[in-house]
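Heavy atoms only: backbone and side chains are in, while hydrogens, waters and symmetry mates are out.
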Amino acid sequence: MTAAAEAQSNLVRSPLYEFWRRFRRQKIAVVAGLFLIALIFVAIFADFIAPYSIVDMVGIPIDPPSADNWLGVDELGRDVLSRIIVGTRISLSIGFLSVTVGAIVGVTLGLIAGFYGGKLDNIIMRFCDVLLSFPGIVLAIAMMAMLLALRIQGHLLIDIANVVVAVALFSVPVFARLVRGSTLSLKTSVYVDAARAIGVRDSVIMLRHILPGTLPSIIVYFSMRIGTAILTAASLGFLGVGVQPPSPEWGRMLADSRSYFEGAPHLVLYPGLAIFVTVLAFNLLGDGLRDALDPKLKQG
């Protein structure tokens with residue numbers, strides 16, 4: 001009986017359970033997480049959920065919301081709800097892919113810089129400083145200009161890939177600085193010294209002993225950065241250098257409908273609301289993850 005109770009106690013107090021116990025106390029973050037799960041479901045099955053095709057004319061242009069078109073009709077007679085639903089896939093894809101690419105490159109650079117130090121650390125950090133000296137949207141626009149030039153020459157053919165690369169670029173230096181700081185602290189740990197003493201390769205030490213210690217910070221920043229990436233991609237679309245029509249990217253929808261704001265405010269309201277709610281949900285989820293993963297906030 002005592003052994004069984006002790007085993008049950010150890011199971012209950014596992015790190016995963018402790019994380020979930022702290023996270024579920026963050027009611028707003030839980031709601032945000034459930035909303036994002038539903039949004040991902042909508043993005044995956046957008047073609048089946050959308051009531052109309054995103055390119056078909058289904059009503060009179062700029063008609064207000066009605067029983068047939070719940071969010072109204074745009075300036076070309078297309079259903080706004082269908083375009084927002086399909087646009088969910090585009091915006092989430094850009095957000096997840098760009099932050100994933102930025103995280104992979106940034107984490108790698110941060111590990112190398114923090115672990116080896118010296119001139120290599122100085123070169124990597126100065127590169128990150130150069131990227132951080134530009135506002136994110138300006139850096140993304142400059143990268144898009146370069147990629148569009150390559151596209152004209154036939155080297156890049158997919159608009160979404162261009163936006164992913166442009167948005168990923170300004171995520172790299174922040175991930176690098178974040179991981180470098182953690183690596184500088186973790187590389188002096190006893191278990192790292194022990195691994196070095198028995199001849200473990202540097203790459204193994206970084207991946208198996210140092211990287212896991214940086215994961216809580218990476219996870220929190222990753223979740224919050226997705227919202228920023230979606231907002232940046234929407235800004236690029238609004239400025240006309242992002243995803244091109246007829247793709248229903250939310251920022252592009254705002255740009256196309258801004259001329260009709262006074263007579264048909266629904267054309268601007270619903271894409272803008274989609275951007276706002278999605279970015280807010282990612283930020284709230286990131287706040288909840290930060291509180292749940294921070295050991296200083298552990299209770300009981």
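Using modelled atom types, no side-chain atom of Arg180 and backbone atom of Gly110 make a donor-acceptor pair closer than 3.5 Å. Counting only distance, with no hydrogens or angles, the side chain of Ser185 and the backbone of Gly181 share no donor-acceptor pair below 3.5 Å. One N or O on the side chain of Asp74 and one on the backbone of Leu76 form a donor-acceptor pair closer than 3.5 Å. Remark: side-chain polar atoms of Ser82 are paired, donor with acceptor, to backbone N or O of Tyr52 under 3.5 angstrom. Of the possible polar contacts, one joining the His266 side chain to the Asp63 backbone as a donor-acceptor pair under 3.5 Å is found. Judged by distance alone, with hydrogens and angles left aside, the side-chain atoms of Lys187 form no donor-acceptor pair with the main-chain N or O of Val192 at under 3.5 Å. Proximity of a side-chain donor or acceptor of Trp250 to a complementary backbone N or O of Gly272 within less than 3.5 Å is not detected. Remark: side-chain polar atoms of Ser66 are paired, donor with acceptor, to backbone N or O of Asn69 under 3.5 angstrom. Ser182 places no side-chain N or O within donor-acceptor distance of the main-chain N or O of Val179, the cut-off being under 3.5 Å. The backbone N or O of Ile28 sits nowhere less than 3.5 Å from a side-chain atom of Gln26 that would complete a donor-acceptor pair.
With rounding to the nearest 0.5 Å, the separation of CD1 in Ile226 from CG in Leu285 is 8.5 Å. To the nearest 0.5 angstrom, Cys128 atom SG is 12.0 Å from Ile123 atom CD1. Here CZ of Phe96 is found 11.5 Å from OG of Ser91. Values are rounded to the nearest 0.5 Å. Separation of atoms CG (Leu186) and CG (Leu211) is listed at 10.0 Å; rounding is to 0.5 Å. Separation of atoms OG1 (Thr232) and CD1 (Ile141) is listed at 10.0 Å; rounding is to 0.5 Å. Put simply, CG on Leu215 and CD1 on Ile210 are 12.5 Å apart, with the number rounded to the nearest 0.5 Å.
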Run the numbers on Asp129 and Arg177 for salt bridge (charged side-chain N to carboxylate O under 4.0 Å, His left out), then give the verdict. CA-CA 9 Å; Asp129 289 341; Arg177 292 174 70 92; 2.9 Å; yes
Are Asp202 and Phe115 close enough, and set up right, to give a side chain to side chain contact (heavy atoms under 4.5 Å, CB included), and what steps lead you there? CA-CA 9 Å; Asp202 291 347; Phe115 188 81; 3.6 Å; yes
Show your reasoning for whether side chain to side chain contact (heavy atoms under 4.5 Å, CB included) applies to Phe35 and Val277. CA-CA 10 Å; Phe35 171 78; Val277 174; 3.4 Å; yes
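Side-chain contact between Arg225 and Val174: present, with at least one pair of heavy atoms (C-beta onward) separated by less than 4.5 Å. The closest side-chain heavy-atom distance from Tyr270 to Pro65 is below 4.5 Å. Residues Ile37 and Phe41 fail the side-chain proximity criterion, which asks for heavy atoms closer than 4.5 Å. Using a 4.5 Å heavy-atom cutoff, the side chains of Phe170 and Thr228 are in contact.
With sequence neighbours left out, the side chain to side chain donor-acceptor pair (under 3.5 Å) criterion links Thr214 to no other residue.
Salt bridge annotation for Asp79-Arg83: absent, with no cationic side-chain nitrogen under 4.0 angstrom from a carboxylate oxygen. In summary, Arg89 and Asp47 engage in a salt bridge, as defined by a charged side-chain N under 4.0 Å from a carboxylate O.
Within 6.0 Å of atom CZ in Arg208, 12 or fewer heavy atoms from other residues, nucleotides or ligands are found, so the atom counts as exposed in its surroundings.
For the pair Arg196 and Tyr191, the cation-pi criterion (under 6.0 Å, within 45° of the ring axis) is not fulfilled.
The aromatic rings of Phe175 and Tyr221 lie perpendicular to each other, with more than 60° between the two planes, well past the 30° mark.
Taking both residues in full, the closest heavy atoms of Ser247 and Ile90 are given as CB-CD1, 4.0 Å, listed atom of the first, atom of the second, then distance.
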